[in-house]
> 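Input: one structure, supplied below.
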Amino acid sequence: MYCNFSCPSSRNICKTGIIDTTARDCSEVQSQGHNCSGVYTIFPSNDIKKDVWCDLYTQGGRWTVLQQRRNGFVDFDRVWSHYENGFGDPNTEYWIGNEALYHLTLSGGNELLILMQTWDGVWKHAYYIGFCIGHKNDNYRLHLSEYSGSAGDSLLSFGQAGQQFSTQDVDNDPWGPRFNPTYHKGGFWFKNCCRADLNGFYYSTGVEATDSCHWRTFTGLRESLKTIYMMFR
């Protein structure tokens with residue numbers, strides 16, 4: 001289904017800064033008549049307001065971008081509260097915030113699309129259905145079901161789906177030794193050594209490193225990726 005795509009920020013982009021809406025997510029943004037990708041204000045809940053990148057082009061649009069990695073200018077090796085509330089710039093490097101993400105995926109039945117590019121220019125993708133994350137009391141546990149795509153399944157097949165979120169100061173990895181942050185950088189849903197850490201350290205080349213931002217089934221190694229987009233609808 002997602003065999004052919006271009007960089008989601010490269011086509012059909014609004015150039016007017018932040019666009020205010022009354023929408024809950026980017027699917028509602030598109031339903032309200034907007035048809036070009038860009039930064040929109042949304043309201044995941046009554047008390048949460050977010051500026052997010054809406055991809056209204058890729059595969060029919062309606063995608064709310066929850067994470068971007070594009071240049072390494074934003075430090076992703078942060079504490080729990082930063083990941084809970086969100087950080088970064090939705091135009092470049094960004095994490096939407098786990099509390100907002102919980103409210104946005106609460107209804108279930110969401111699609112998750114991850115687009116990734118290596119430093120030699122190869123794009124691949126991973127697509128999941130049944131995407132949502134759990135309540136704060138369950139440490140924002142990751143839920144996914146079926147996978148398809150070209151990048152390989154680094155989450156379901158290796159047990160990272162179903163794990164609680166971990167950061168440098170809150171380690172919910174079920175493995176006995178403290179893998180995070182000793183072996184990983186950035187908050188993510190870790191299990192043991194893991195096969196995916198999309199919030200890992202952003203190296204300026206495709207270096208192989210345990211703490212890199214990587215998707216191991218894509219490259220066969222923990223090779224630092226150049227570009228990452230995580231989006232859902």
> Can a donor-acceptor pair be found between the side chains of Thr41 and Thr21 at a distance below 3.5 Å?
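On atom types as modelled, these side chains do not qualify, holding no pair under 3.5 Å.
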
> Any side-chain donor-acceptor pair under 3.5 Å between Tyr40 and Asp25?
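Absent: no donor and acceptor within the cut-off.
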
> Please report the shortest heavy-atom distance between Asp197 and Gly186, naming the atom on each side.
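Minimum heavy-atom contact is OD1-O, 4.4 Å.
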
> Go through Lys226 and Thr118 one step at a time and tell me if the side-chain contact (heavy atoms from CB on, under 4.5 Å) criterion holds.
CA-CA 5 Å; Lys226 181 180 182 180; Thr118 60; over 6 Å; no

> Ile42 and Ile19: same hydrophobic cluster, using ILVMFWY side-chain contacts below 4.5 Å?
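Yes, same cluster.
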
> Quick check: is Trp63 connected to Ile129 through a chain of hydrophobic side chains (ILVMFWY, heavy atoms under 4.5 Å apart)?
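Yes, same cluster.
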
> Any side-chain heavy atom of Val79 within less than 4.5 Å of one from Gln168?
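The answer is yes; the side chains approach within 4.5 Å.
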
> Is there a side-chain contact (heavy atoms from CB on, under 4.5 Å) between Ile228 and Leu115? Walk through the geometry before answering.
CA-CA 6 Å; Ile228 305 166; Leu115 308 180; over 6 Å; no

> Listed by chain and number, what are the ring-ring contact (aromatic ring centres under 6.0 Å, His included) partners of Trp189, not counting sequence neighbours?
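With sequence neighbours excluded, Trp189 shows a ring-ring contact (aromatic ring centres under 6.0 Å, His included) to Phe165, given in chain and number order.
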
> Does some side-chain heavy atom of Gln117 sit less than 4.5 Å from a side-chain heavy atom of Leu225?
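When only atoms from C-beta onward are counted, Gln117 and Leu225 do not touch, as no gap falls below 4.5 Å.
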
> Taking all heavy atoms of Phe158 and all of Thr217, pick out the closest pair and write down the distance.
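Scanning both residues completely, I find the closest heavy atoms to be CE1-CG2, 3.7 Å.
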
> Strictly by modelled atom types, are Glu146 and Tyr127 linked by a side-chain donor-acceptor pair under 3.5 Å?
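Their side chains do not contain a donor-acceptor pair, so the 3.5 Å distance test is not met.
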
> What's the shortest heavy-atom distance between Trp119 and Ser224, and which atoms?
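Scanning both residues, the minimum pair turns out to be CD1-O, 3.2 Å.
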
> Is the shortest side-chain heavy-atom distance between Tyr229 and Gln67 below 4.5 Å?
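The answer is no; the side chains never approach within 4.5 Å.
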
> Could you tell me which non-hydrogen atom of Arg141 sits nearest to which non-hydrogen atom of Gly162, and how far apart they are?
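Taking Arg141 first and Gly162 second, the nearest heavy atoms are NH1-O, 2.7 Å.
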
> For atom CG of Asn46, decide whether the heavy atoms of other residues, nucleotides or ligands shown that lie under 6.0 angstrom number more than 12.
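No, the 6.0 Å shell around CG holds no more than 12 heavy atoms from other groups.
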
> Is it the case that the side chain of Asn85 and the backbone of Ser81 share a donor-acceptor pair, with hydrogens and angles ignored and the cut-off at 3.5 Å?
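Flag set: sc Asn85 to bb Ser81 pair under 3.5 Å.
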
> Please report whether the ring centroid of His135 lies less than 6.0 Å from that of Tyr102.
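Yes; His135 has its ring centre under 6.0 Å from that of Tyr102.
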
> Please tell me if the side chains of Thr22 and Gln32 come closer than 4.5 Å, counting only heavy atoms from C-beta onward.
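Answer yes - side chains close enough.
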
> In terms of hydrophobic clusters joined by side-chain contacts under 4.5 Å, are Ile133 and Leu156 together?
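Same cluster.
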
> Is any side-chain N of the basic residue among Glu93 and Arg70 closer than 4.0 Å to the acidic one's carboxylate O?
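Judged by the 4.0 Å cut-off on N to carboxylate O distance, Glu93 and Arg70 do not form a salt bridge.
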
> Closest heavy-atom contact between Asn110 and Thr105?
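Looking at all heavy atoms of both residues, the shortest contact is ND2-O, 3.2 Å.
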
> Should Leu106 and Leu112 be counted in the same cluster of Ile, Leu, Val, Met, Phe, Trp and Tyr side chains packed under 4.5 Å apart?
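Yes, it is one cluster - the side chains of Leu106 and Leu112 are joined through contacts under 4.5 Å.
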
> Going by heavy atoms in the side chains, are Tyr94 and Val74 under 4.5 Å from each other?
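Result no, sub-4.5 Å side-chain heavy-atom pair not found.
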
> I'd like to check Leu144 versus Leu155 (side-chain heavy atoms, cut-off strictly below 4.5 Å). Are they in contact?
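Yes, close enough: below the 4.5 Å cut-off.
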
> How far does OH of Tyr128 sit from OG of Ser148, to the nearest 0.5 angstrom?
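That separation rounds to 9.5 Å.
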
> To the nearest 0.5 Å, tell me how far Met116 CE sits from Ser154 OG.
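Here the interatomic distance stands at 7.0 Å.
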
> To the closest 0.5 Å, what do you measure between CG (Asp171) and CD (Gln164)?
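If we round to the nearest 0.5 Å, Asp171:CG and Gln164:CD are 10.5 Å apart.
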
> With sequence neighbours excluded, what pairs up with Phe218 under the ring-ring contact (aromatic ring centres under 6.0 Å, His included) test?
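Expected list: none.
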
> Going from CD on Gln163 to NZ on Lys191, what distance comes out if it is rounded to the nearest 0.5 angstrom?
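Going from CD on Gln163 over to NZ on Lys191, the span is 5.5 Å.
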
> Would a distance-only check, ignoring hydrogens and angles, find a side-chain to backbone donor-acceptor pair under 3.5 Å from His214 to Ser212?
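Checked: pair present.
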
> Is there a side-chain contact (heavy atoms from CB on, under 4.5 Å) between Thr64 and Asp55? Walk through the geometry before answering.
CA-CA 7 Å; Thr64 302; Asp55 182 335; over 6 Å; no

> Within 45 degrees of the axis of the six-membered ring of Phe43 and under 6.0 Å from its centre: does Arg24 put its NZ or CZ there?
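No, cation not above the ring by the 6.0 Å, 45° rule.
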
> Charged N to carboxylate O under 4.0 angstrom, Lys136 versus Glu99?
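Result for this pair is no, no salt bridge flagged.
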
> Quick check: do Asn172 and Tyr140 have side-chain heavy atoms less than 4.5 Å from each other?
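They are not in side-chain contact.
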
> Is Arg78 close enough and on-axis enough to Tyr83, meaning under 6.0 Å and within 45°, for cation-pi?
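The answer is no, since Arg78 fails at least one limit relative to Tyr83.
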
> Kindly compute the distance separating CG (Asn91) from CD1 (Ile13), expressed to the nearest 0.5 Å.
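Here the interatomic distance stands at 9.5 Å.
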
> Is there a donor-acceptor pair closer than 3.5 Å between any side-chain N or O of Trp215 and the backbone N or O of Gly152?
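Judged by distance alone, yes, a pair lies under 3.5 Å.
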
> When you compare the side chains of Thr219 and Glu208, does any donor N or O come within less than 3.5 Å of an acceptor on the partner?
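No, no side-chain donor-acceptor pair sits under 3.5 Å.
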
> Please tell me whether Ile114 and Tyr202 are part of a single hydrophobic cluster in this structure, the criterion being side-chain heavy atoms less than 4.5 Å apart.
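No, separate clusters.
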
> Less than 4.5 Å apart, side chain to side chain, heavy atoms only: is that true for Trp53 and Gln68?
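A side-chain contact exists here, since the closest heavy-atom pair is under 4.5 Å.
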
> Taking the six-membered ring for Trp, are Phe87 and Phe76 ring centroids under 6.0 Å apart?
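So the answer is yes for these two rings.
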
> Indicate yes or no: does Asp77 engage Lys185 in a salt bridge with an N to O separation below 4.0 Å.
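Looking at Lys185 together with Asp77, the answer is no, because their closest N to O distance does not fall below 4.0 Å.
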
> Dump the intermediate steps for side-chain contact (heavy atoms from CB on, under 4.5 Å) on Thr210 and Phe201, then the final yes or no.
CA-CA 9 Å; Thr210 58; Phe201 187 79; over 6 Å; no

> Distance check, rounded to the nearest 0.5 Å: Arg233 atom CZ versus Arg62 atom CZ?
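One gets 4.5 Å once the value is rounded to the nearest 0.5 Å.
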
> Return the minimal non-hydrogen interatomic distance between Cys26 and Leu56, and the atom names on each side.
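Here Cys26 and Leu56 meet closest at O-CD2, 3.9 Å.
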
